[in-house]
Student: 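Below is a structure I'd like to ask you about.
First the proteins, then the strands, lettered A, B, ... as listed; each starts at 1.
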Number of protein chains: 2
Amino acid sequence: MITPLIKKFEWFVHLSDEDRRLLRAMASGGVQHALPGEDIVREGDHPVFVYLVLDGWAHRYKVLEDGRRQIISFFLPGDLCDLNIFLLKEMDHSIGALTSLSYLRVTRQVMDTLVEFSPRIRSALWWDTLVSAAIQREWTVNLGQRSAIERVSHLICELFIRTRMVGLGDDQTFPFPVIQADLAEATGMTTVHVNRVLQELRSRNLILFRRKRLRILDVEGLTRLALFNDNYLHLGREGAHMDADDRSAVGTG
Amino acid sequence: MITPLIKKFEWFVHLSDEDRRLLRAMASGGVQHALPGEDIVREGDHPVFVYLVLDGWAHRYKVLEDGRRQIISFFLPGDLCDLNIFLLKEMDHSIGALTSLSYLRVTRQVMDTLVEFSPRIRSALWWDTLVSAAIQREWTVNLGQRSAIERVSHLICELFIRTRMVGLGDDQTFPFPVIQADLAEATGMTTVHVNRVLQELRSRNLILFRRKRLRILDVEGLTRLALFNDNYLHLGREGAHMDADDRSAVGTG
DNA sequence: CGCCGCTTTGATGGAGATCAACCTTCGTGG
DNA sequence: CCACGAAGGTTGATCTCCATCAAAGCGGCG
C-alpha cells in the first residue's frame, strides 16, 4: 500500500524489514479518498497532518486575490507533503486532488515514532525533504529562464523520472493524468499556448499523448531541448553507507 | 555576532540564555569572508557545511548549459542554507556572495549538538526551513503569475520584511545592496526592463532608491500593486507555547 | 581626471497573451 | 443504441508586454 514511498526511499537507502513495518504504521489512521478537484487542505487551515499520496495525483497551488492560479508542485504516489508542518499556525497554500486520489493522513505522533526508531527512515525523510526543495528550486529556474517549449519539456522530463522512481510506468510510457489547463497553471502559460507547444512536441516526434498516458519517443531529444539535468533529483543512492544489509535489500537500482 | 539569527528565531519562539549560548557555538570554526561575486559553494561540490550569513548578502543560483542564469534565492544576515545538506552527494546549485560577506561554516557535529540540547532551537530550525520552503514556493507563484512590475514589487516587499525580521533597516528604509542585473536574474527579466519598471515605481511615488538603500514611500500601495500577502513568512510567533520564560525574553515583537 | 561598472534611453522585433469560435471525446440517461 | 451535454482540445486573428540590440550617460573610486 505504501510501496511507492518505499520504492522512492530505496533510491536513497536500502530499508530493513523492520523499517518497512514501521512505515506501514503510517496507514494506521485508515486510507482517505478524494475526488478530482476536491481540496485536501485549504490556505488558512490549521495544519494537523502530514499527507502521503498513495494513488492518483494531487497538486499544491495558490490563488492570487484577482483569481490568477499557480500550481506550485505536483504530488505523485509516494509523495509526502510538509514534514513538520505542525510548527506553523496556518497553511499558506492549498492542496487539492487532480485525479481521484487515495492518501494517508499521518499524525505528528506517528511521524515522531518513525524518526525515533529508525535512523534510516529519519535520513530518508530528510533526503526526501531536500529533494522536494531542490525540485521547487528547479521550478524557479524553469519559470524564470526557460521558454515555453523548454518549460513544458522540462516538466515532462521531471515527471517521467519521478514516476519511475516510485515504480510506475515503464521504459517509455508513464501515467500523465493532467489536462492542458493544469500544465498551463504549472508552467505559467495559457492553455492555448500549452496546446500549441504540445503540438510542436508531437510534430517533432518527441512525445505521444494518449489516454492519460505519455510516451516519450526520444528521451535524448527531449532532455536536450529542455536543458534537463537530473542531478537535482539526487538519485545517487546517497545513503548507501547506511544500507540495511538484511536479505530484504533490493537490487542496486 | 549571530544576532541576526537570534532576532529571526525570536519571531518564532523566545530563546533562553542557554539557547543563545548554544547558538554562539556555531561560530567556533571562525568567521569566513568572501568578496562580491565570489562563490562559497559550487554546483557539483560535495556538501560539508551548513552556512550562516552574518553580514552582507549572498545568493543561490543556477546556470543553464547555454549560460542563462537564475537567482533562486537571496540570503540575508541570519539566513541559513541547507540544513542537513550532508545527506546529499553533490550540490545541485551554487552559492555566491553578492556583497562583501562574512559568514560561518557550521559542521554537522555542531548542528547535531544544537538540535540535541535545545528543543526550542530544534523547532526554530525546522520553522526556518519551513519558511524558506514557503519563500521558494512564493517565488514560483511570482515568476509564474505576476507581471514584471508586480514581480519586482513583490520581491521588494518580501525583502523589506525579511530585512526587518533580522533587525536591519528602520520603518521605511532598508539595505538593498543589489544591482539591477541581480534583480533581473531573480525575476526572470532583462536588466533593461528592470530599469524601466523601477522608473515606473519611482514615478508612482512608491519607492526611492539611493546609495544601496531602498525607501518604501507607500507600503500600502506597493503591497497592493504586488498582490503581496505576508502569510507565507509565518511571523505569528508560532512557537510561543514553548517560549523560554526566563528574564532574557525579548518584547512581543 | 579618467576609467569601469552600472544605469538609462531609443528603436525594433517576437514570444506568448487574449478573445472568440469551433471541434472532439466521452459519459450519461432516455 | 443513440442523443445530448459538458469537459477538454484545437484554431485563427490580433495585440501587448517584454526581449533584443545598440549606444550613450553617470558616478564613484583609484
Student: Flag the pair B/F74 / B/H59 as yes when their ring centroid distance falls below 6.0 Å, and as no otherwise.
Tutor: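 Not under 6.0 Å, so no.
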Student: Step by step, work out the side chain to side chain contact (heavy atoms under 4.5 Å, CB included) result for A/H33 and A/D55.
Tutor: CA-CA 9 Å; A/H33 297 278; A/D55 190 48; over 6 Å; no
Student: Over how many whole Å does the gap from A/L143 atom CG to C/dG16 atom C1' extend?
Tutor: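 Going from A/L143 (CG) to C/dG16 (C1'), I get 14 Å.
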Student: Please determine, by modelled atom types, if B/Q32 and B/Y51 share a side-chain donor-acceptor pair under 3.5 angstrom.
Tutor: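 Distance-only check fails for B/Q32 and B/Y51.
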Student: Check the interface with nucleotides 4-12 of chain C: list each N/O to N/O pair with the protein under 3.5 Å, or write none.
Tutor:
{"from": "C/dT7", "atom 1": "OP2", "to": "B/Q180", "atom 2": "N", "distance (Å)": "2.9"}
{"from": "C/dT8", "atom 1": "OP1", "to": "B/R202", "atom 2": "NH2", "distance (Å)": "3.3"}
{"from": "C/dT8", "atom 1": "OP2", "to": "B/Q180", "atom 2": "NE2", "distance (Å)": "2.7"}
{"from": "C/dT8", "atom 1": "OP2", "to": "B/N195", "atom 2": "ND2", "distance (Å)": "2.4"}
{"from": "C/dT8", "atom 1": "O5'", "to": "B/N195", "atom 2": "ND2", "distance (Å)": "3.1"}
{"from": "C/dT9", "atom 1": "OP2", "to": "B/Q199", "atom 2": "OE1", "distance (Å)": "2.5"}
{"from": "C/dT9", "atom 1": "OP2", "to": "B/Q199", "atom 2": "NE2", "distance (Å)": "2.8"}
{"from": "C/dG10", "atom 1": "N7", "to": "B/R196", "atom 2": "NH1", "distance (Å)": "3.3"}
{"from": "C/dG10", "atom 1": "O6", "to": "B/R196", "atom 2": "NH2", "distance (Å)": "3.4"}
{"from": "C/dA11", "atom 1": "N6", "to": "B/R196", "atom 2": "NH2", "distance (Å)": "3.1"}

Student: What is the distance, rounded to the nearest whole Å, between atom CD1 of B/I149 and atom C1' of D/dC17?
Tutor: 12 Å
Student: Assess whether atom CZ of B/R202 is packed by more than 12 heavy atoms of other residues, nucleotides or ligands within 6.0 Å.
Tutor: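 Count over threshold, so yes.
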Student: Between P on D/dG8 and CG on A/L98, what's the gap in Å once rounded to a whole number?
Tutor: 11 Å
Student: Nearest whole Å is fine: how far is D/dT10 C1' from A/E200 CD?
Tutor: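 So the CD-C1' distance, A/E200 to D/dT10, works out to 15 Å.
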Student: Write down the distance between CZ (A/R151) and P (C/dA15), rounded to a whole number of angstrom.
Tutor: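 In whole Å, C/dA15 P and A/R151 CZ are 13 Å from each other.
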Student: Pick base, sugar-phosphate or nothing for A/G37, based on heavy-atom distances below 4.0 Å to the nucleic acid.
Tutor: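 Here A/G37 touches no strand at all.
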Student: Just to verify, which of A/R68, A/Q70, A/E185 counts as forming a side-chain hydrogen bond (donor to acceptor under 3.5 Å, both in side chains) with B/Q145?
Tutor: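 Among A/R68, A/Q70, A/E185, the one that satisfies the side-chain hydrogen bond (donor to acceptor under 3.5 Å, both in side chains) with B/Q145 is A/Q70.
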Student: Output one line per pair: protein atom, nucleotide atom from nucleotides 23-26 of chain C, and distance, for all N/O pairs under 3.5 Å.
Tutor:
none

Student: To the nearest Å, give me how far apart CG (A/D182) and C1' (D/dA7) are.
Tutor: 12 Å
Student: Kindly indicate whether the side chain of B/L76, heavy atoms from C-beta on, has any atom under 4.5 Å from the side chain of B/V53.
Tutor: no
Student: Rounded to whole angstrom units, what separation is found between the NE2 atom of B/H193 and the P atom of D/dT20?
Tutor: 12 Å
Student: Please state how far atom CE in A/M189 lies from atom P in C/dT18, giving the value in whole angstrom units.
Tutor: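 The answer, rounded to whole Å, is 12 Å.
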Student: Please report the C-alpha distance between B/I149 and B/H154 in whole Å, then the side-chain angles of each, then the deciding distance to 0.1 Å, and finally whether the side chain to side chain contact (heavy atoms under 4.5 Å, CB included) criterion is met.
Tutor: CA-CA 8 Å; B/I149 197 171; B/H154 191 280; over 6 Å; no
Student: Kindly say if A/T190 contacts the phosphate of C/dA17, meaning a side-chain N or O under 4.0 Å from OP1 or OP2.
Tutor: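 It does, given that an N or O in the side chain of A/T190 lies less than 4.0 Å from OP1 or OP2 of C/dA17.
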Student: Other residues, nucleotides and ligands only: do more than 12 of their heavy atoms fall within 6.0 Å of CZ on B/R42?
Tutor: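 Counting neighbours around CZ of B/R42, 12 or fewer heavy atoms of other residues, nucleotides or ligands fall under 6.0 Å, so no.
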Student: In Å, rounded to the nearest 0.5 Å, how long is the span from CG of A/L183 to CG of A/N195?
Tutor: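 Output value for this atom pair is 10.5 Å.
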